[in-house]
Amino acid sequence: MKQAEIKNLSLEDVQAKLTEAKAQFSKMKLAHKISPLENPIQIRDLRKTIARLNTELTNKQ
């Protein structure tokens, strides 16, 4: 998710996306430990998206 897309979200939407992203991140890490993912860069990208969502959440509060 791009920063411009995140800025346009409401506070509730940011919180919902953050919860969803964290759940997906934990599932992806577990799947990667069991058997390596085809594209492990997805983990890094998701971690950066979570950081962007946390930053925007802090700015909106």
Side-chain angles (χ1 to χ4, degrees):
M1 214 174 194
K2 300 283 184 179
Q3 186 65 28
E5 296 171 0
I6 293 172
K7 282 195 178 286
N8 295 332
L9 297 175
S10 68
L11 181 63
E12 294 81 22
D13 290 339
V14 171
Q15 290 172 337
K17 293 276 186 185
L18 183 60
T19 304
E20 179 184 316
K22 283 183 179 181
Q24 185 180 1
F25 180 71
S26 64
K27 287 179 187 175
M28 197 176 287
K29 279 191 72 168
L30 181 64
H32 184 63
K33 286 183 181 185
I34 294 171
S35 79
L37 294 175
E38 186 175 313
N39 188 3
I41 294 174
Q42 292 173 337
I43 296 173
R44 182 179 64 192
D45 291 342
L46 190 55
R47 191 173 60 234
K48 288 182 179 185
T49 300
I50 290 171
R52 286 185 189 110
L53 288 166
N54 276 325
T55 301
E56 190 60 32
L57 184 64
T58 303
N59 289 339
K60 288 188 185 270
Q61 290 177 345

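Here the structure is a predicted model, which is why all the values come from computation and not from measurement.
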Test: salt bridge (charged side-chain N to carboxylate O under 4.0 Å, His left out). Region: residues 40-56. Which pairs qualify, not counting sequence neighbours? K7-E56, E56-K60
Taken to the nearest 0.5 Å, the spacing of L53 CG from L46 CG works out to 9.0 Å
Can you name the side-chain hydrogen bond (donor to acceptor under 3.5 Å, both in side chains) partners of N54, sequence neighbours left out? none
For N8, which residues count as a side-chain contact (heavy atoms from CB on, under 4.5 Å) partner, sequence neighbours excluded? none
Which distance, rounded to the nearest 0.5 Å, do you find between the CD1 of I6 and the CG of D13? 12.0 Å
For residues 29-39, which residue pairs pass the salt bridge (charged side-chain N to carboxylate O under 4.0 Å, His left out) check, not counting sequence neighbours? none
Nonpolar side-chain network containing L30, other nodes, edges under 4.5 Å: I34
Ignoring hydrogens and angles, write down the donor-acceptor pairs under 3.5 Å from the side chains of residues 16-28, residues two or more places apart or on other chains.
| from | atom 1 | to | atom 2 | distance (Å) |
| --- | --- | --- | --- | --- |
| T19 | OG1 | Q15 | O | 3.0 |
| S26 | OG | A23 | O | 2.9 |

